[in-house]
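Step one of this worksheet: look at the structure below.
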There are 2 protein chains.
Amino acid sequence: MGKGDDTRAAALSEATEIAARLGLAGLTIGDLATAAGMSKSGLYAHFRSKEALQLATLASARESFNDTVMRPALATPRGEQRVRALFERWITAARDDWPAGCLFVSAATEFDDRPGRVRDQLVRDHLDLLDAIAQVFRTGVSEGQFRSDADPMQFAQDLNGVMLGFLHAHRLLRDPDAQARARRAFALLLAGARNLESQAA
Amino acid sequence: MGKGDDTRAAALSEATEIAARLGLAGLTIGDLATAAGMSKSGLYAHFRSKEALQLATLASARESFNDTVMRPALATPRGEQRVRALFERWITAARDDWPAGCLFVSAATEFDDRPGRVRDQLVRDHLDLLDAIAQVFRTGVSEGQFRSDADPMQFAQDLNGVMLGFLHAHRLLRDPDAQARARRAFALLLAGARNLESQAA
DNA sequence: TCGATGGCCGACCGATCGTGCTATTGTGTG
DNA sequence: CACACAATAGCACGATCGGTCGGCCATCGA
(Lines give C-alpha, C1' and ligand atoms only; values in the text may rest on other atoms or scores of the structure.)
Protein backbone atom coordinates (compact mmCIF):
# COMPACT_ATOMS: atom_id res chain seq x y z
CA MET A 1 0.00 0.00 0.00
CA GLY A 2 2.22 2.80 -1.27
CA LYS A 3 1.44 4.71 -4.41
CA GLY A 4 -2.28 4.24 -4.19
CA ASP A 5 -2.56 6.25 -1.03
CA ASP A 6 -0.79 9.20 -2.61
CA THR A 7 -3.06 9.07 -5.61
CA ARG A 8 -6.09 8.91 -3.36
CA ALA A 9 -4.93 11.85 -1.28
CA ALA A 10 -4.22 13.93 -4.37
CA ALA A 11 -7.63 13.07 -5.79
CA LEU A 12 -9.29 14.08 -2.53
CA SER A 13 -7.49 17.41 -2.64
CA GLU A 14 -8.89 18.02 -6.11
CA ALA A 15 -12.26 16.76 -4.96
CA THR A 16 -12.36 19.31 -2.15
CA GLU A 17 -11.75 22.17 -4.56
CA ILE A 18 -14.32 20.97 -7.07
CA ALA A 19 -16.90 20.32 -4.37
CA ALA A 20 -16.28 23.77 -2.92
CA ARG A 21 -17.22 25.26 -6.29
CA LEU A 22 -19.99 22.96 -7.46
CA GLY A 23 -21.19 21.33 -4.26
CA LEU A 24 -20.86 17.76 -3.07
CA ALA A 25 -23.66 16.63 -5.37
CA GLY A 26 -22.16 18.52 -8.28
CA LEU A 27 -18.86 16.75 -7.73
CA THR A 28 -18.79 14.36 -10.66
CA ILE A 29 -16.67 11.26 -11.02
CA GLY A 30 -15.81 12.15 -14.60
CA ASP A 31 -14.82 15.72 -13.75
CA LEU A 32 -12.75 14.59 -10.81
CA ALA A 33 -11.00 11.97 -12.93
CA THR A 34 -10.14 14.58 -15.55
CA ALA A 35 -8.89 16.99 -12.88
CA ALA A 36 -6.78 14.25 -11.31
CA GLY A 37 -5.44 13.16 -14.70
CA MET A 38 -6.84 9.69 -14.41
CA SER A 39 -9.38 7.49 -16.11
CA LYS A 40 -12.85 7.42 -14.65
CA SER A 41 -12.66 3.76 -13.66
CA GLY A 42 -9.12 4.05 -12.34
CA LEU A 43 -10.19 6.75 -9.95
CA TYR A 44 -13.48 5.09 -9.16
CA ALA A 45 -11.63 2.03 -7.86
CA HIS A 46 -10.38 4.10 -4.92
CA PHE A 47 -13.90 4.95 -3.80
CA ARG A 48 -16.38 2.24 -4.49
CA SER A 49 -19.39 4.51 -4.72
CA LYS A 50 -20.18 8.17 -5.13
CA GLU A 51 -21.44 8.35 -1.59
CA ALA A 52 -18.12 6.98 -0.35
CA LEU A 53 -16.35 9.63 -2.39
CA GLN A 54 -18.50 12.33 -0.83
CA LEU A 55 -17.82 11.02 2.65
CA ALA A 56 -14.08 10.81 1.96
CA THR A 57 -14.08 14.36 0.61
CA LEU A 58 -15.92 15.50 3.70
CA ALA A 59 -13.40 13.75 5.90
CA SER A 60 -10.57 15.40 4.02
CA ALA A 61 -12.15 18.81 4.46
CA ARG A 62 -12.68 18.11 8.14
CA GLU A 63 -9.00 17.36 8.61
CA SER A 64 -8.10 20.51 6.74
CA PHE A 65 -10.35 22.47 9.07
CA ASN A 66 -8.81 20.94 12.16
CA ASP A 67 -5.27 21.46 10.90
CA THR A 68 -5.84 25.02 9.76
CA VAL A 69 -8.17 26.39 12.41
CA MET A 70 -8.90 24.16 15.37
CA ARG A 71 -5.57 22.73 16.41
CA PRO A 72 -3.59 25.98 16.15
CA ALA A 73 -6.29 27.75 18.14
CA LEU A 74 -6.18 25.12 20.87
CA ALA A 75 -2.42 25.69 21.14
CA THR A 76 -2.90 29.27 22.33
CA PRO A 77 -3.48 30.27 25.98
CA ARG A 78 -6.87 29.48 27.43
CA GLY A 79 -9.60 32.09 27.72
CA GLU A 80 -10.59 35.03 25.57
CA GLN A 81 -7.23 34.90 23.80
CA ARG A 82 -8.03 31.41 22.54
CA VAL A 83 -11.48 32.48 21.40
CA ARG A 84 -9.89 35.33 19.48
CA ALA A 85 -7.30 33.00 17.93
CA LEU A 86 -10.06 30.66 16.81
CA PHE A 87 -11.96 33.45 15.13
CA GLU A 88 -8.82 34.91 13.59
CA ARG A 89 -7.64 31.63 12.08
CA TRP A 90 -11.12 30.90 10.81
CA ILE A 91 -11.84 34.17 9.09
CA THR A 92 -8.34 34.49 7.65
CA ALA A 93 -8.63 31.08 6.02
CA ALA A 94 -12.15 31.83 4.81
CA ARG A 95 -11.06 35.15 3.34
CA ASP A 96 -8.64 33.36 1.01
CA ASP A 97 -11.39 31.23 -0.53
CA TRP A 98 -10.16 28.29 1.44
CA PRO A 99 -11.90 25.28 -0.17
CA ALA A 100 -12.54 23.19 2.94
CA GLY A 101 -14.41 25.99 4.67
CA CYS A 102 -16.65 26.71 1.72
CA LEU A 103 -17.32 23.02 1.27
CA PHE A 104 -18.75 22.58 4.73
CA VAL A 105 -21.07 25.54 4.33
CA SER A 106 -22.32 24.57 0.89
CA ALA A 107 -22.67 20.92 1.85
CA ALA A 108 -24.67 21.85 4.93
CA THR A 109 -27.25 23.77 2.89
CA GLU A 110 -27.17 21.15 0.15
CA PHE A 111 -27.89 18.15 2.34
CA ASP A 112 -30.06 19.61 5.08
CA ASP A 113 -33.04 18.05 3.32
CA ARG A 114 -31.45 14.92 1.89
CA PRO A 115 -31.39 12.07 4.39
CA GLY A 116 -28.52 9.65 4.15
CA ARG A 117 -25.03 8.95 5.37
CA VAL A 118 -23.68 12.21 4.02
CA ARG A 119 -26.20 14.24 5.96
CA ASP A 120 -25.59 12.18 9.10
CA GLN A 121 -21.87 12.81 8.85
CA LEU A 122 -22.46 16.50 8.25
CA VAL A 123 -24.60 16.70 11.37
CA ARG A 124 -21.87 15.02 13.41
CA ASP A 125 -19.21 17.36 12.04
CA HIS A 126 -21.33 20.42 12.66
CA LEU A 127 -22.16 19.33 16.19
CA ASP A 128 -18.47 18.71 16.82
CA LEU A 129 -17.66 22.17 15.54
CA LEU A 130 -20.25 23.88 17.72
CA ASP A 131 -19.17 21.83 20.71
CA ALA A 132 -15.56 22.79 20.12
CA ILE A 133 -16.47 26.47 19.92
CA ALA A 134 -18.50 26.17 23.11
CA GLN A 135 -15.64 24.40 24.84
CA VAL A 136 -13.18 27.11 23.84
CA PHE A 137 -15.65 29.68 25.10
CA ARG A 138 -15.89 27.86 28.43
CA THR A 139 -12.18 28.34 28.99
CA GLY A 140 -12.93 32.03 28.92
CA VAL A 141 -15.64 31.55 31.52
CA SER A 142 -13.40 29.53 33.81
CA GLU A 143 -10.68 32.15 33.41
CA GLY A 144 -13.16 34.72 34.64
CA GLN A 145 -13.15 36.80 31.45
CA PHE A 146 -16.68 35.90 30.39
CA ARG A 147 -19.86 35.99 32.44
CA SER A 148 -20.46 32.76 34.26
CA ASP A 149 -24.13 32.79 33.25
CA ALA A 150 -23.28 33.10 29.55
CA ASP A 151 -24.47 30.19 27.41
CA PRO A 152 -21.57 28.59 25.52
CA MET A 153 -23.88 27.05 22.93
CA GLN A 154 -25.46 30.44 22.37
CA PHE A 155 -22.01 31.84 21.69
CA ALA A 156 -21.27 28.95 19.31
CA GLN A 157 -24.39 29.54 17.21
CA ASP A 158 -23.73 33.28 17.23
CA LEU A 159 -20.13 32.92 16.12
CA ASN A 160 -21.20 30.49 13.43
CA GLY A 161 -23.73 33.07 12.27
CA VAL A 162 -21.08 35.76 12.09
CA MET A 163 -18.95 33.51 9.90
CA LEU A 164 -21.88 32.59 7.69
CA GLY A 165 -22.84 36.22 7.26
CA PHE A 166 -19.25 36.99 6.37
CA LEU A 167 -19.02 34.16 3.84
CA HIS A 168 -22.19 35.32 2.12
CA ALA A 169 -21.05 38.91 1.91
CA HIS A 170 -17.55 37.90 0.86
CA ARG A 171 -18.14 35.13 -1.62
CA LEU A 172 -21.47 36.07 -3.17
CA LEU A 173 -21.39 39.85 -2.97
CA ARG A 174 -17.59 40.22 -3.06
CA ASP A 175 -18.06 42.94 -0.47
CA PRO A 176 -14.62 44.32 0.47
CA ASP A 177 -15.98 45.50 3.83
CA ALA A 178 -17.29 42.06 4.77
CA GLN A 179 -14.28 41.10 6.85
CA ALA A 180 -14.23 44.38 8.79
CA ARG A 181 -17.93 43.96 9.56
CA ALA A 182 -17.40 40.39 10.70
CA ARG A 183 -14.70 41.61 13.06
CA ARG A 184 -17.02 44.22 14.51
CA ALA A 185 -19.76 41.65 14.90
CA PHE A 186 -17.32 39.37 16.69
CA ALA A 187 -16.25 42.25 18.94
CA LEU A 188 -19.88 42.91 19.82
CA LEU A 189 -20.29 39.25 20.63
CA LEU A 190 -17.32 39.30 22.96
CA ALA A 191 -18.51 42.50 24.57
CA GLY A 192 -21.89 40.93 25.23
CA ALA A 193 -20.27 37.94 26.90
CA ARG A 194 -17.84 39.94 29.03
CA ASN A 195 -19.78 42.13 31.43
CA LEU A 196 -23.37 42.23 32.63
CA GLU A 197 -25.17 44.89 30.65
CA SER A 198 -27.47 43.54 28.00
CA GLN A 199 -30.28 41.10 28.60
CA ALA A 200 -33.24 42.38 26.59
CA ALA A 201 -36.28 40.31 25.66
CA MET B 1 -53.13 34.43 -22.28
CA GLY B 2 -55.27 32.49 -19.84
CA LYS B 3 -54.69 28.88 -18.96
CA GLY B 4 -51.00 28.94 -19.71
CA ASP B 5 -50.28 31.48 -17.03
CA ASP B 6 -51.97 29.38 -14.38
CA THR B 7 -50.00 26.32 -15.43
CA ARG B 8 -46.80 28.31 -15.33
CA ALA B 9 -47.53 29.72 -11.91
CA ALA B 10 -48.38 26.29 -10.52
CA ALA B 11 -45.20 24.88 -12.00
CA LEU B 12 -43.16 27.66 -10.42
CA SER B 13 -44.70 26.92 -7.08
CA GLU B 14 -43.61 23.30 -7.39
CA ALA B 15 -40.24 24.44 -8.67
CA THR B 16 -39.66 26.54 -5.57
CA GLU B 17 -40.29 23.58 -3.29
CA ILE B 18 -38.09 21.23 -5.27
CA ALA B 19 -35.30 23.79 -5.53
CA ALA B 20 -35.50 24.42 -1.79
CA ARG B 21 -34.79 20.74 -1.22
CA LEU B 22 -32.38 19.92 -4.04
CA GLY B 23 -30.96 23.30 -4.96
CA LEU B 24 -31.43 25.35 -8.09
CA ALA B 25 -28.98 23.16 -9.98
CA GLY B 26 -30.61 20.01 -8.69
CA LEU B 27 -33.96 21.25 -9.95
CA THR B 28 -34.50 18.95 -12.89
CA ILE B 29 -36.87 19.52 -15.78
CA GLY B 30 -38.03 15.94 -15.66
CA ASP B 31 -38.64 15.97 -11.91
CA LEU B 32 -40.48 19.25 -12.15
CA ALA B 33 -42.64 17.94 -14.98
CA THR B 34 -43.55 14.88 -12.95
CA ALA B 35 -44.34 16.99 -9.90
CA ALA B 36 -46.48 19.31 -11.99
CA GLY B 37 -48.25 16.39 -13.66
CA MET B 38 -47.12 17.39 -17.12
CA SER B 39 -44.90 16.06 -19.85
CA LYS B 40 -41.33 17.27 -19.93
CA SER B 41 -41.73 19.03 -23.25
CA GLY B 42 -45.06 20.56 -22.31
CA LEU B 43 -43.54 22.14 -19.27
CA TYR B 44 -40.34 23.03 -21.02
CA ALA B 45 -42.28 25.13 -23.52
CA HIS B 46 -43.07 27.62 -20.74
CA PHE B 47 -39.39 28.23 -20.00
CA ARG B 48 -37.16 28.02 -23.03
CA SER B 49 -34.04 27.00 -21.14
CA LYS B 50 -33.04 25.66 -17.78
CA GLU B 51 -31.39 28.96 -16.93
CA ALA B 52 -34.67 30.75 -17.66
CA LEU B 53 -36.46 28.28 -15.39
CA GLN B 54 -33.96 28.98 -12.63
CA LEU B 55 -34.38 32.72 -13.02
CA ALA B 56 -38.16 32.40 -13.02
CA THR B 57 -38.03 30.25 -9.89
CA LEU B 58 -35.81 32.83 -8.25
CA ALA B 59 -38.22 35.59 -9.17
CA SER B 60 -41.09 33.60 -7.73
CA ALA B 61 -39.21 33.07 -4.48
CA ARG B 62 -38.35 36.76 -4.36
CA GLU B 63 -42.02 37.70 -4.60
CA SER B 64 -42.84 35.20 -1.90
CA PHE B 65 -40.21 36.79 0.32
CA ASN B 66 -41.53 40.28 -0.29
CA ASP B 67 -45.13 39.21 0.28
CA THR B 68 -44.40 37.19 3.40
CA VAL B 69 -41.72 39.26 5.11
CA MET B 70 -40.86 42.58 3.59
CA ARG B 71 -44.19 44.21 2.80
CA PRO B 72 -45.92 43.32 6.08
CA ALA B 73 -42.89 44.62 7.98
CA LEU B 74 -42.95 47.89 6.08
CA ALA B 75 -46.60 48.32 7.08
CA THR B 76 -45.69 48.58 10.77
CA PRO B 77 -44.69 51.81 12.53
CA ARG B 78 -41.22 53.13 11.77
CA GLY B 79 -38.29 52.55 14.09
CA GLU B 80 -37.30 49.68 16.33
CA GLN B 81 -40.80 48.29 16.12
CA ARG B 82 -40.42 47.85 12.37
CA VAL B 83 -37.04 46.20 12.79
CA ARG B 84 -38.58 43.79 15.26
CA ALA B 85 -41.48 43.07 12.90
CA LEU B 86 -39.05 42.32 10.09
CA PHE B 87 -37.12 39.86 12.21
CA GLU B 88 -40.28 38.28 13.58
CA ARG B 89 -41.85 37.71 10.17
CA TRP B 90 -38.60 36.38 8.81
CA ILE B 91 -37.81 33.85 11.51
CA THR B 92 -41.40 32.70 11.82
CA ALA B 93 -41.55 31.92 8.13
CA ALA B 94 -38.12 30.27 8.20
CA ARG B 95 -39.08 28.11 11.19
CA ASP B 96 -41.86 26.52 9.15
CA ASP B 97 -39.46 25.34 6.45
CA TRP B 98 -40.71 28.05 4.18
CA PRO B 99 -39.41 27.07 0.71
CA ALA B 100 -38.64 30.52 -0.63
CA GLY B 101 -36.36 31.38 2.29
CA CYS B 102 -34.40 28.18 2.08
CA LEU B 103 -34.09 28.57 -1.66
CA PHE B 104 -32.33 31.92 -1.42
CA VAL B 105 -29.84 30.63 1.11
CA SER B 106 -29.04 27.43 -0.75
CA ALA B 107 -28.88 29.21 -4.10
CA ALA B 108 -26.50 31.79 -2.69
CA THR B 109 -23.99 29.17 -1.57
CA GLU B 110 -24.57 27.15 -4.71
CA PHE B 111 -23.86 29.92 -7.18
CA ASP B 112 -21.30 32.05 -5.37
CA ASP B 113 -18.66 30.51 -7.61
CA ARG B 114 -20.65 30.00 -10.80
CA PRO B 115 -20.67 33.12 -12.97
CA GLY B 116 -23.74 33.66 -15.08
CA ARG B 117 -27.13 35.29 -15.12
CA VAL B 118 -28.35 33.31 -12.12
CA ARG B 119 -25.47 34.50 -9.97
CA ASP B 120 -25.93 38.07 -11.18
CA GLN B 121 -29.59 37.99 -10.23
CA LEU B 122 -28.77 36.47 -6.86
CA VAL B 123 -26.31 39.27 -6.17
CA ARG B 124 -28.96 41.86 -7.04
CA ASP B 125 -31.53 40.19 -4.83
CA HIS B 126 -29.13 39.87 -1.93
CA LEU B 127 -28.03 43.49 -2.23
CA ASP B 128 -31.67 44.54 -2.32
CA LEU B 129 -32.33 42.54 0.81
CA LEU B 130 -29.39 44.02 2.71
CA ASP B 131 -30.33 47.51 1.54
CA ALA B 132 -33.89 46.98 2.69
CA ILE B 133 -32.72 45.83 6.12
CA ALA B 134 -30.41 48.82 6.37
CA GLN B 135 -33.22 51.14 5.36
CA VAL B 136 -35.54 49.73 7.99
CA PHE B 137 -32.75 50.13 10.53
CA ARG B 138 -32.32 53.77 9.51
CA THR B 139 -35.90 54.50 10.48
CA GLY B 140 -34.86 53.47 13.96
CA VAL B 141 -31.96 55.90 13.84
CA SER B 142 -34.09 58.77 12.65
CA GLU B 143 -36.62 57.98 15.36
CA GLY B 144 -33.84 58.33 17.90
CA GLN B 145 -34.00 54.74 19.15
CA PHE B 146 -30.67 53.66 17.67
CA ARG B 147 -27.31 55.36 17.93
CA SER B 148 -26.78 57.86 15.12
CA ASP B 149 -23.24 56.57 14.54
CA ALA B 150 -24.45 53.00 14.07
CA ASP B 151 -23.72 51.53 10.64
CA PRO B 152 -26.93 50.32 8.96
CA MET B 153 -25.01 48.01 6.62
CA GLN B 154 -23.23 46.52 9.62
CA PHE B 155 -26.61 45.79 11.15
CA ALA B 156 -27.81 44.26 7.88
CA GLN B 157 -24.91 41.83 7.64
CA ASP B 158 -25.25 41.00 11.33
CA LEU B 159 -28.95 40.30 11.08
CA ASN B 160 -28.36 38.18 8.01
CA GLY B 161 -25.76 36.25 9.97
CA VAL B 162 -28.21 35.63 12.78
CA MET B 163 -30.72 34.24 10.31
CA LEU B 164 -28.11 32.07 8.60
CA GLY B 165 -26.91 30.71 11.91
CA PHE B 166 -30.49 29.94 12.80
CA LEU B 167 -31.21 28.21 9.51
CA HIS B 168 -28.14 26.00 9.89
CA ALA B 169 -29.01 25.03 13.44
CA HIS B 170 -32.66 24.53 12.57
CA ARG B 171 -32.55 22.76 9.25
CA LEU B 172 -29.34 20.76 9.45
CA LEU B 173 -29.10 20.04 13.18
CA ARG B 174 -32.85 20.16 13.90
CA ASP B 175 -31.90 21.99 17.08
CA PRO B 176 -35.12 22.83 18.98
CA ASP B 177 -33.31 25.68 20.77
CA ALA B 178 -32.20 27.34 17.54
CA GLN B 179 -35.06 29.81 17.42
CA ALA B 180 -34.63 30.88 21.05
CA ARG B 181 -30.93 31.45 20.44
CA ALA B 182 -31.62 33.45 17.32
CA ARG B 183 -33.95 35.67 19.33
CA ARG B 184 -31.31 36.24 21.97
CA ALA B 185 -28.75 37.04 19.28
CA PHE B 186 -31.17 39.52 17.75
CA ALA B 187 -31.77 41.07 21.15
CA LEU B 188 -28.03 41.47 21.64
CA LEU B 189 -27.82 43.10 18.23
CA LEU B 190 -30.54 45.58 19.15
CA ALA B 191 -28.93 46.26 22.51
CA GLY B 192 -25.63 47.02 20.79
CA ALA B 193 -27.31 49.48 18.47
CA ARG B 194 -29.32 51.24 21.15
CA ASN B 195 -26.97 52.84 23.64
CA LEU B 196 -23.26 53.64 23.62
CA GLU B 197 -21.53 50.97 25.61
CA SER B 198 -19.65 48.50 23.47
CA GLN B 199 -16.96 49.40 20.98
CA ALA B 200 -14.10 46.95 21.56
CA ALA B 201 -11.26 46.26 19.15
C1' DT C 1 -68.09 26.91 -40.03
C1' DC C 2 -63.37 27.44 -40.76
C1' DG C 3 -58.72 28.69 -39.95
C1' DA C 4 -55.38 30.32 -36.74
C1' DT C 5 -53.22 29.99 -32.54
C1' DG C 6 -51.93 28.69 -27.72
C1' DG C 7 -51.04 24.72 -24.96
C1' DC C 8 -49.51 20.37 -24.45
C1' DC C 9 -47.64 15.63 -25.57
C1' DG C 10 -44.70 11.48 -27.26
C1' DA C 11 -40.70 10.34 -29.28
C1' DC C 12 -36.23 11.23 -29.80
C1' DC C 13 -31.22 13.29 -29.77
C1' DG C 14 -26.34 13.38 -28.10
C1' DA C 15 -24.01 13.81 -23.87
C1' DT C 16 -23.04 12.48 -19.39
C1' DC C 17 -24.33 10.36 -15.15
C1' DG C 18 -22.86 6.38 -11.64
C1' DT C 19 -21.29 1.78 -11.85
C1' DG C 20 -19.76 -2.58 -13.12
C1' DC C 21 -16.31 -6.20 -15.59
C1' DT C 22 -12.17 -7.35 -17.80
C1' DA C 23 -7.70 -6.50 -19.18
C1' DT C 24 -3.19 -4.43 -18.70
C1' DT C 25 0.26 -1.95 -16.56
C1' DG C 26 3.28 -0.97 -12.78
C1' DT C 27 5.67 -1.97 -8.41
C1' DG C 28 7.60 -3.95 -4.37
C1' DT C 29 9.37 -8.63 -2.54
C1' DG C 30 11.60 -12.92 -2.38
C1' DC D 1 14.70 -11.93 -12.32
C1' DA D 2 10.32 -13.47 -11.64
C1' DC D 3 6.24 -13.63 -9.32
C1' DA D 4 2.12 -11.65 -6.82
C1' DC D 5 -0.70 -8.24 -6.41
C1' DA D 6 -1.95 -3.47 -6.19
C1' DA D 7 -3.14 0.17 -9.36
C1' DT D 8 -4.94 1.86 -13.45
C1' DA D 9 -7.14 1.77 -18.07
C1' DG D 10 -10.70 0.27 -21.63
C1' DC D 11 -15.12 -0.52 -22.54
C1' DA D 12 -19.88 -0.99 -21.98
C1' DC D 13 -24.42 -0.77 -19.49
C1' DG D 14 -28.86 1.48 -18.33
C1' DA D 15 -30.56 5.74 -16.69
C1' DT D 16 -31.11 10.46 -16.93
C1' DC D 17 -29.65 14.95 -18.27
C1' DG D 18 -31.09 19.45 -21.10
C1' DG D 19 -33.12 20.25 -25.35
C1' DT D 20 -35.71 19.65 -30.14
C1' DC D 21 -39.35 18.46 -33.24
C1' DG D 22 -43.71 17.35 -35.40
C1' DG D 23 -48.25 16.95 -34.37
C1' DC D 24 -52.71 16.61 -31.77
C1' DC D 25 -56.37 18.97 -29.47
C1' DA D 26 -59.21 22.99 -27.62
C1' DT D 27 -60.50 27.54 -27.98
C1' DC D 28 -61.87 31.64 -30.34
C1' DG D 29 -62.38 35.43 -33.80
C1' DA D 30 -64.14 36.11 -38.32
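This is a predicted model, so every value here is computed, not measured. So you know, we letter chains A, B, ... as the sequences are listed, proteins then strands, and number each from 1. Only this structure's heavy atoms are used, side chains among them; waters, hydrogens and symmetry mates stay out.
- One atom, CD1 of A:I29, and another, C1' of C:dT16, lie 12 Å apart when rounded to the nearest Å.
- Applying a 4.0 Å cut-off to non-hydrogen atoms, the residues of residues 32-47 of chain A that approach DNA chain D are A:M38, A:S39, A:S41, A:G42, A:A45, A:H46, listed by residue number.
- Distance, B:L22 CG to D:dT16 P: 14 Å, rounded to whole Å.
- The number of heavy atoms from other shown groups lying within 6.0 Å of CZ (B:R174) is above 12.
- Between the side chains of B:R138 and B:Q135, at least one donor N or O sits under 3.5 Å from an acceptor N or O.
- When rounded to the nearest whole Å, the span between CG of A:D6 and C1' of D:dA6 equals 14 Å.
- Residue A:K50 holds its NZ atom at 6.5 Å from CD1 of A:I29, rounded to the nearest 0.5 Å.
- Ion pairing between B:E80 and B:R84 holds under the 4.0 Å rule for side-chain N and carboxylate O.
- Between D:dT8 and A:T7, a contact under 4.0 Å exists linking OP1 or OP2 to a side-chain N or O.
- Heavy-atom distances to DNA chain C give each of A:R48 and A:T28 a nearest nucleotide, and the one nearer the 5′ end belongs to A:T28.
- Going from atom CG of A:D5 over to atom P of C:dG28 covers 12 Å, rounded to whole Å.
- Taking 4.0 Å as the cut-off between side-chain N and carboxylate O, A:R62 and A:D128 do not count as a salt-bridged pair.
- The nearest whole Å value for the distance from the CG atom in B:D31 to the C1' atom in C:dC17 is 14 Å.
- Checked by atom type, the side-chain pair A:Q121/A:R124 shows a donor-acceptor distance below 3.5 Å.
- In this structure, CD of B:E51 is placed 14 Å from C1' of D:dG19, rounded to the nearest angstrom.
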